[in-house]
> 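What follows is a single structure, and I will ask about it in a moment.
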Amino acid sequence: MNIVHVDDLDAHELDEGFVWRPVRKHFGIRAFGVNAYTPGATGQVVEEHTENQLGHEELYLVLRGRVRFTVDGDDHELGPGQLVHVHDPSIRRGAVALTDDAARIAGGGKPGPAHGVP
């Protein structure tokens, strides 16, 4: 078992102006993609993009602070514990931190067989 606080993960400021905190790498997760992000110079916490190239659907969770997500041109202000699911890879999405302490986590992957519950 491995436990870590999001603030103790490695922090890499990216050219897009946000800070990538590699959750998947820290834990050695191979079954799905998951990472955390905090605002950097631009305040972004999700770069504006689609998942057309990879075909991923994504789930975002606001861990703390306030974040404005723009999904398919619509703005949504979310706070701690709120989730956004973007099923369609072609939908444009992005997000900006509204507070300096904002942190969000993202999980995603290419759809396939659903996980079975025994």
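Numbering of residues begins at 1 and proceeds along the displayed sequence. Just so we're clear, the structure is a prediction, and the values are computed from it rather than from any experiment.
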> Taking all atoms of both residues into account, what is the closest heavy-atom pair of A102 and P39, and its distance?
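Looking at all heavy atoms of both residues, the closest pair is O-CD, 3.1 Å.
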> Are there over 12 heavy-atom neighbours, none belonging to D15, within less than 6.0 Å of that residue's CG?
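Atom CG in D15 is not crowded, with 12 or fewer foreign heavy atoms closer than 6.0 Å.
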> Is it possible for you to say whether I91 and L61 belong to one hydrophobic cluster, with membership spreading through side-chain heavy-atom contacts below 4.5 Å?
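In one cluster with I91: L61, no.
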> With hydrophobic residues grouped by side-chain heavy-atom distances under 4.5 Å, do V71 and V62 end up in a single group?
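Linked, V71 and V62 end up in one cluster.
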> Within the side chain of H49, is there an N or O that forms a donor-acceptor pair under 3.5 Å with the backbone of E47?
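Present.
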> With a 4.5 Å heavy-atom cut-off, do D10 and H26 have their side chains touching?
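In short, these two side chains do not touch, never coming nearer than 4.5 Å.
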> Minimum heavy-atom separation for V6 to A36, with atom names?
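Shortest heavy-atom contact: CG2-CB, 3.6 Å.
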> Y37 vs I105, test: side chain to side chain contact (heavy atoms under 4.5 Å, CB included). Steps then yes/no.
CA-CA 6 Å; Y37 299 85; I105 195 165; over 6 Å; no
> Can you check whether Y60 reaches L78 side chain to side chain, under 4.5 Å on heavy atoms?
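Counting from C-beta outward, Y60 and L78 never come under 4.5 Å.
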> Where do V4 and F27 come nearest, in terms of heavy atoms and distance?
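Closest heavy-atom pair between V4 and F27: CG1-CZ, 3.6 Å.
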> Using the side-chain hydrogen bond (donor to acceptor under 3.5 Å, both in side chains) rule, collect all pairs that involve residues 94-105, keeping only residues at least two apart or in two chains.
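Residue pairs with at least one partner in residues 94-105: T99-D101.
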> Would L9 and V23 count as a side chain to side chain contact (heavy atoms under 4.5 Å, CB included) here? Give the steps.
CA-CA 7 Å; L9 291 165; V23 174; 3.7 Å; yes
> Any non-hydrogen side-chain atom of V96 less than 4.5 Å from a side-chain atom of F69?
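In short, these two side chains do not touch, never coming nearer than 4.5 Å.
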> With side chains defined as the heavy atoms from C-beta onward, is the minimum distance between R68 and H76 less than 4.5 Å?
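No - every pair of side-chain heavy atoms lies 4.5 Å or more apart.
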> Q44 versus V46: any side-chain heavy-atom pair under 4.5 Å?
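Sidechains of V46 and Q44: no contact.
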> Whether the side chain of R30 engages the backbone of G28 through a donor-acceptor N/O pair (distance < 3.5 Å, no angle test) should be reported.
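The answer is no, because no donor-acceptor pair under 3.5 Å joins these two groups.
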> Using atom types as modelled and distance alone, determine if a side-chain donor or acceptor of H5 lies under 3.5 Å from a backbone N or O of D7.
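Yes, because the side chain of H5 sits within donor-acceptor range (under 3.5 Å) of the backbone of D7.
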> Sort out for me which residue in R21, R64, E13 forms a side-chain hydrogen bond (donor to acceptor under 3.5 Å, both in side chains) with T38.
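Exactly one option meets the side-chain hydrogen bond (donor to acceptor under 3.5 Å, both in side chains) with T38, and it is R21.
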> Tell me if the CZ atom of R66 is crowded by more than 12 foreign heavy atoms within 6.0 Å.
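More than 12 within 6.0 Å, yes.
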> What distance separates L14 CG from W20 CH2, expressed to the nearest 0.5 Å?
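One gets 7.5 Å once the value is rounded to the nearest 0.5 Å.
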> So, taking the atom named CZ in F32 and the one named NE2 in H56, what distance separates them when rounded to the nearest 0.5 Å?
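One gets 13.0 Å once the value is rounded to the nearest 0.5 Å.
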> Are a donor atom and an acceptor atom from the side chains of S90 and N52 found within less than 3.5 Å of each other?
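Their side chains do not contain a donor-acceptor pair, so the 3.5 Å distance test is not met.
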> Which of these, N35, V34, I29, sits in a side chain to side chain contact (heavy atoms under 4.5 Å, CB included) with P22?
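With P22 as partner, N35, V34, I29 yield a single side chain to side chain contact (heavy atoms under 4.5 Å, CB included), made by N35.
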> Regarding T70 and R93, is there a side-chain donor-to-acceptor distance under 3.5 Å anywhere?
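The criterion, which ignores hydrogens and geometry beyond distance, is not satisfied for R93 and T70.
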> For L59 and L83, what are the C-alpha separation, side-chain angles and deciding distance, and is it a side chain to side chain contact (heavy atoms under 4.5 Å, CB included)?
CA-CA 7 Å; L59 180 70; L83 298 153; 4.2 Å; yes
> Mind listing the closest non-hydrogen atom pair of P80 and G65 along with its distance?
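Nearest pair, atom of P80 first, then G65: CD-O, 3.2 Å.
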> Any side-chain donor paired with an acceptor under 3.5 Å for E58 and H85?
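Their side chains do not contain a donor-acceptor pair, so the 3.5 Å distance test is not met.
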> Between V84 and Q82, is a side chain to side chain contact (heavy atoms under 4.5 Å, CB included) present by the stated rule, with each step listed?
CA-CA 7 Å; V84 175; Q82 290 187 290; over 6 Å; no
